Amino acid sequence: MLKASLIAYEPQIDQLVEALQFAGALQIEVTEIDGLSRALTDSDMARLRELDGQIAHAAFVVDFLSRYRKSTAKFSAFISEKFHLSESEYRALAPDDDFDSVYRECEDISDKLASLERERARLEQVVHDLRPWRALRLEISRWRGTEHVALFTGTVPPLRSEEIRQMLREAVREMSVQEVGPAGDREAWVVMAHKCVLSEVRATLALTEFCEVSFPDLSGFPADELEVTEERLGRIALEHDELAERAKGLAPHYAKAFALRHALLSRRDAVEAKEQMASSERAVVMRGWVPEARVPELTEALEPISANVDFGVTPPSPDDDPPVELDNPWWLRPFEVLTDLYGRPRYGDLDPTPLLAGFFFLFFGMCIGDAGYGLVLMVAAWYIKRHLDVAAGVRRFMDLL
């Protein structure tokens with residue numbers, strides 16, 4: 001690992017960061033020279049705000065459309081789906097008019113679905129509360145009593161009905177209970193009492209499982225209101241299905257939104273990386289670490305702006321703490337998975353991969369000492385590596401198996 005230093009002309013900082021990002025060979029570290037660091041400019045902050053808004057839109061489209069699309073990838077229930085783009089396609093990703101149109105359509109559908117869901121939940125509760133009153137032939141608008149008689153409605157558990165009625169009889173005489181009928185685990189009651197004993201009736205009912213019920217938004221007969229409400233629930237289901245079909249029609253845009261979100265996140269990282277540099281009025285300084293084998297690759301990436309960039313590498317000093325990159329022969333690289341599992345050694349320490357490789361063979365063979373199991377593992381590992389679109393780390397683990 002070599003220490004890299006770059007000095008560039010301040011106006012070319014965006015080109016520098018973009019070149020380094022696409023090369024992917026330099027690990028940047030925070031650079032301070034005599035306490036001089038670089039703060040994000042107003043234009044950088046404006047760009048971050050713009051990117052945050054675009055990322056939020058792309059994330060919303062991805063989350064919304066993921067509910068209405070079906071992945072065609074093999075074993076997608078177990079393996080995260082991937083989308084492959086060329087470098088030119090990736091660079092060209094941007095929230096254009098087509099994406100804005102898709103976002104607005106998704107937002108419109110989502111808002112309407114949410115509104116339908118709220119209405120559905122409210123109406124289902126109304127249906128649940130109304131069912132015990134289906135047989136009552138008294139308009140809900142008249143559930144108010146008279147000048148001398150108080151009328152109020154509620155439900156009780158059917159198994160406690162007689163017990164509650166007896167408590168009311170013992171407490172007051174100037175009252176009457178009309179049992180409308182049971183529905184599920186509740187029984188509807190209409191309680192009528194002379195207003196002179198209303199407080200006693202309420203006090204008695206408060207000691208029971210009587211639950212007062214009212215329908216301030218309804219006025220007709222309970223059976224009629226129930227029928228109207230159930231019809232509305234049926235129309236809501238149809239509207240929901242229509243909106244879901246509209247959403248499914250937008251599902252082909254999922255891949256672009258998914259890739260766009262990652263591209264925007266990458267661009268946001270590029271803007272934030274500018275804070276890790278030191279700067280003067282006209283120049284910026286960046287330091288980091290690059291594997292020795294990738295120095296030519298990094299030099300090539302900087303070629304378009306090399307006239308205004310001074311790039312050099314030096315070996316690490318004893319006081320440095322470079323990142324660790326393992327370097328093993330091809331036949332040992334699969335075993336680096338085991339090293340990463342336990343943690344890489346410090347820079348300059350012994351690489352334990354060769355030792356882990358030998359002991360892994362020995363102990364894995366002791367645990368799985370059966371040719372049949374071994375054959376199944378070999379076939380499964382070969383199939384996963386050759387036929388499934390898995391991540392690089394999974395491929396390395398399949399090489400290990």
Side-chain angles (χ1 to χ4, degrees), residues 1-9 12-31 38 40 44 47-48 51 54-55 58 80-94 255-256 258-278 284-316 320-328 330 333-334 336-337 339-340 343-344 347 351 353 389-397 399:
M1 194 68 70
L2 299 176
K3 182 189 290 185
S5 298
L6 297 93
I7 304 175
Y9 187 43
Q12 288 193 304
I13 187 171
D14 291 326
Q15 294 172 270
L16 173 64
V17 171
E18 183 180 8
L20 294 175
Q21 189 175 45
F22 276 91
L26 181 71
Q27 179 173 318
I28 303 173
E29 64 177 15
V30 177
T31 304
R38 186 183 190 281
L40 295 179
D44 289 332
R47 177 58 174 158
L48 282 179
L51 287 170
Q54 294 172 347
I55 290 168
S80 58
E81 189 175 13
K82 299 170 185 64
F83 302 98
H84 301 275
L85 291 82
S86 65
E87 182 177 329
S88 59
E89 290 173 329
Y90 183 79
R91 287 176 179 267
L93 286 171
K256 180 179 179 181
F258 186 91
L260 177 62
R261 182 183 63 172
H262 283 270
L264 293 172
L265 286 169
S266 179
R267 290 166 196 170
R268 194 186 196 286
D269 291 340
V271 176
E272 291 180 333
K274 297 177 185 179
E275 285 189 295
Q276 296 181 287
M277 307 177 190
V284 293
V285 180
M286 178 188 297
R287 289 174 180 164
W289 299 96
V290 57
E292 185 175 358
R294 302 193 67 183
V295 171
E297 184 181 343
L298 187 56
T299 303
E300 182 180 354
L302 295 171
E303 185 63 32
I305 56 173
S306 59
N308 294 308
V309 175
D310 181 62
F311 169 59
V313 293
T314 57
D320 289 325
D321 185 22
V324 174
E325 176 139 330
L326 302 177
D327 184 17
N328 289 292
W330 66 267
R333 284 175 194 155
E336 292 177 357
V337 174
T339 303
D340 290 336
R344 294 190 175 189
Y347 189 82
D351 181 1
T353 304
D389 191 6
V390 294
V394 177
R395 287 179 178 273
R396 291 172 62 196
F397 188 68
D399 288 336

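Start at 1 with the first residue, then count along the sequence. Quick caveat: nothing in here was measured; it's all calculated off a predicted structure.
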For a side-chain contact (heavy atoms from CB on, under 4.5 Å) with Thr353, tell me which candidate from Glu336, Arg333, Arg344 qualifies. Glu336

Please give me the minimum heavy-atom distance between Ala263 and Leu93, naming the atom from each residue. CB-CD1, 4.0 Å

Of all the heavy-atom pairs spanning Val324 and Tyr347, show the shortest one and how long it is. CG2-N, 3.5 Å

Side chain to side chain, Leu302 and Leu6, heavy atoms closer than 4.5 Å: yes

CD of Glu325 to CD of Gln27, rounded to nearest 0.5 Å, is 9.5 Å

Considering the options Arg268, Arg267, Lys274, which one meets the salt bridge (charged side-chain N to carboxylate O under 4.0 Å, His left out) requirement together with Asp44? Lys274

Using every non-hydrogen atom in the two residues, find where Pro291 and Met1 come nearest and quote the distance to one decimal. N-SD, 3.5 Å

To the nearest 0.5 angstrom, please state how far the CZ atom of Arg287 sits from the CD atom of Glu29. 8.0 Å

Hey, are the side chains of Pro316 and Lys3 touching, using non-hydrogen atoms and a 4.5 Å cut-off? no

Above 12 or not: heavy atoms from other molecules or residues under 6.0 Å from CZ of Phe311? yes

Say you draw a straight line from CG of Asp269 to CG of Leu264; how long is it, rounded to the nearest 0.5 Å? 11.0 Å

Atom pairs and distances, side-chain donor-acceptor, residues 15-26, under 3.5 Å, sequence neighbours left out:
unit_1	atom_1	unit_2	atom_2	d
Glu18	OE2	Arg91	NH1	2.8
Gln21	NE2	Ser266	O	2.7
Gln21	NE2	Ser266	OG	2.8

Return the minimal non-hydrogen interatomic distance between Leu2 and Pro315, and the atom names on each side. CD2-CA, 4.0 Å

Is any side-chain heavy atom of Arg396 closer than 4.5 Å to one of Asp340? yes

On a heavy-atom basis, which atom in Asp389 and which in Lys82 lie closest, and how many Å separate them? O-NZ, 2.9 Å

Are there over 12 heavy-atom neighbours, none belonging to Glu89, within less than 6.0 Å of that residue's CD? yes

Nearest 0.5 Å please: distance from the CG atom of Leu326 over to the CG atom of Asp351. 5.0 Å

Could you tell me which residues satisfy side-chain hydrogen bond (donor to acceptor under 3.5 Å, both in side chains) with Arg395, sequence neighbours excluded, listed by chain and number? none

A quick test of your reading: do over 12 heavy atoms of other residues, nucleotides or ligands sit less than 6.0 Å from OH of Tyr90? yes

Glu272 to Leu48 - nearest heavy-atom pair and separation: CG-CD2, 4.1 Å

